[in-house]
There are 2 protein chains.
Amino acid sequence: MPTLWNGASQSQFRLESMSTSLHHRAIENLGTRIITGELPTGHIMLAEHLEEELQVSRSVVREAVRVLQSLGLVETTKRVGIRVLPPSRWNPFDSQVIRWRLSSDARGAQLRSLIELRSAVEPAAAELAANNAPAQLRRELVDIAHALRDAGHSGDAQKFLELDIAFHSVLLSGSGNEMFANLMGQVAETLTGRTVHGLMPDHPHEGALQWHVDLAEAVAAGDAATARAASEQIMRRTTSRLSGTWTDQPRVFLPVRRS
Amino acid sequence: MPTLWNGASQSQFRLESMSTSLHHRAIENLGTRIITGELPTGHIMLAEHLEEELQVSRSVVREAVRVLQSLGLVETTKRVGIRVLPPSRWNPFDSQVIRWRLSSDARGAQLRSLIELRSAVEPAAAELAANNAPAQLRRELVDIAHALRDAGHSGDAQKFLELDIAFHSVLLSGSGNEMFANLMGQVAETLTGRTVHGLMPDHPHEGALQWHVDLAEAVAAGDAATARAASEQIMRRTTSRLSGTWTDQPRVFLPVRRS
DNA sequence: GAGTTTTGATGTCTGCACACATCGGTGTCA
DNA sequence: TGACACCGATGTGTGCAGACATCAAAACTC
């Protein structure tokens, strides 16, 4: 009886929590289940079946499926149904997909991918920022670096996290490359995830704090080479500190898709 | 009179070509117009208005708007309508967004972003591939590099393009990082765009051909440092060859979004 | 100016017609 | 008799139309 959504009821409670639109919850539900593997590759669903399973109407299901389709999670075929696509078809840069993967078994693999991407991008961003960033962003970066060092010394974990995110955000924005700047959100996820999961030491590494200051001052001075070097130092340390979380994750070598 | 879509008719012909679904064409239409700026930031549309403008039904409009919403191009607000979001909210990694930008005035800026991203990522991918790629991919890479050199010498532009795409695809796949591997599609866009727009010389640079071979053989030998160095050479040259196309494009320094 | 009502847009539900890929039966030919 | 091509039935996504629910902006009242 697909009636109104009336708070706490229904034993087959599939659309968790409230305060978001129905189609959004449907996306969340299906996306999560696909990425955790509960709905495996090749699994076929029928729109009609989803209606009663999720207790929503056709329009909600259809809009949700459209979005999942644009994320590469499913494809629709007439006379067949809605087919779950293999992970190689998922859009690994979509922030929803990243979020879902971070809260699945593939968390380690997703973290590794993100760290590798950051390790490649941040030094380049540092270089670009040193060459191109507007004066105000350079000043801001220096201020944040100093505040970050202070917070590290005083052991204020919450403030340290905020400043850490701000630092890398400003750096990436300062590159003047909108793709780099957009990684900010993902970086924030990894950083917050790190503290939440207790991977941060009580007092951050003294060298790392100094490298942040060095990086900021190199950017301010327009010294691209030094900025890159400092960024590489930071990323090397970050990588080595986190690499323990994905030692058991096998690498996946995607097939070369020729369309 | 929103009746069936009957081929060539309608003077206000907005949904171009056929053979794709209506909602897909609606996405294409709106996405293009938003990114070219024909529908500027803050512009407000009404679903009802879109229905008659595109000559499609409510459900088609709604599904298209949902997808555009997930791409960060629009937001919907009750009592207001469908609002076009500023470029800083667009998902710059989505392949549709990239494609739309490549065929807009911002083409130069998009190319620069992609090249900068490639320049950061490919050397890292080369390093990872040298350390982790399975034997078969290494062999394949060497074969392609040699074929690429031959094609370069013989001046077969079409074959050269195919092999060039294949080379970078295999390299990125060989990194074992699904985000790197996924850049493949975007790389293909830039490479094809380059030949189509007549930016390729008749005979590719001899040094570049050799660097591809060096890179492949370093990966095959597991020599990460050499592989990275060769990749950096290639990207430096690619950058310098293409930088002319975006000299006039201003860099955009996105605001740091703190949610 | 604070609280209340009205209004107008999206959100959701439903029934229907159509397009079309798949499957199975039928007919043809060797 | 068996293999193969054809063709229509079937079932599913796609698209359409209209209704009601919801909720936030805007207008209104006090």
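Note that this is a predicted model, so its numbers are computed, not measured. Lettering follows sequence order; numbering is per chain, from 1. Any value given below was found using the heavy atoms of this structure, including those in side chains, with hydrogens, waters and symmetry copies removed.
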**OP:** Would you list the pairs meeting ring-ring contact (aromatic ring centres under 6.0 Å, His included) in which at least one residue belongs to residues 41-94 of chain B, sequence neighbours left out?
**Re:** A:Phe93-B:Phe93
What integer distance in Å separates [X]:[atom1] from [N]:[atom2]?
X: B:Leu50; N: D:dC16; atom1: CG; atom2: P; result: 14 Å
X: B:Gln55; N: D:dC16; atom1: CD; atom2: C1'; result: 13 Å
X: B:Arg62; N: D:dA17; atom1: CZ; atom2: P; result: 16 Å
X: B:Gln69; N: C:dA9; atom1: CD; atom2: P; result: 18 Å
X: A:Glu51; N: C:dG15; atom1: CD; atom2: C1'; result: 12 Å
X: A:Leu54; N: C:dT12; atom1: CG; atom2: P; result: 13 Å
X: B:His49; N: C:dG8; atom1: NE2; atom2: P; result: 18 Å
X: A:Glu63; N: C:dT12; atom1: CD; atom2: P; result: 7 Å

**OP:** Sort out for me which residue in B:Arg101, B:Arg251, B:Arg89 forms a salt bridge (charged side-chain N to carboxylate O under 4.0 Å, His left out) with A:Glu178.
**Re:** B:Arg101
Subject >> Which nucleotide in C:dG15, D:dG15, C:dG11 has an atom nearest any side-chain atom of A:Arg58 >> reply: C:dG15
Original post:
Any luck finding a side-chain donor-acceptor pair between B:Asn29 and B:Arg33 under 3.5 Å?
Top reply: yes
Subject >> Polar contact flag, side-chain donor to acceptor under 3.5 angstrom, A:Gln69-A:Arg66 >> reply: yes
Original post:
How far does NE2 of A:His24 sit from OG of B:Ser70, to the nearest 0.5 angstrom?
Top reply: 10.0 Å
Original post:
side chain to side chain donor-acceptor pair (under 3.5 Å) with A:Gln136: which residues, sequence neighbours excluded?
Top reply: none
Subject >> B:Ser57 vs D:dG15: side-chain N/O to OP1/OP2 distance below 4.0 Å >> reply: no
Pairs under 3.5 Å (N/O, protein and nucleotides 11-13 of chain D):
unit_1: D:dG11; atom_1: O4'; unit_2: A:Arg79; atom_2: NH1; d: 3.1
unit_1: D:dG13; atom_1: OP1; unit_2: A:Ala47; atom_2: N; d: 3.2

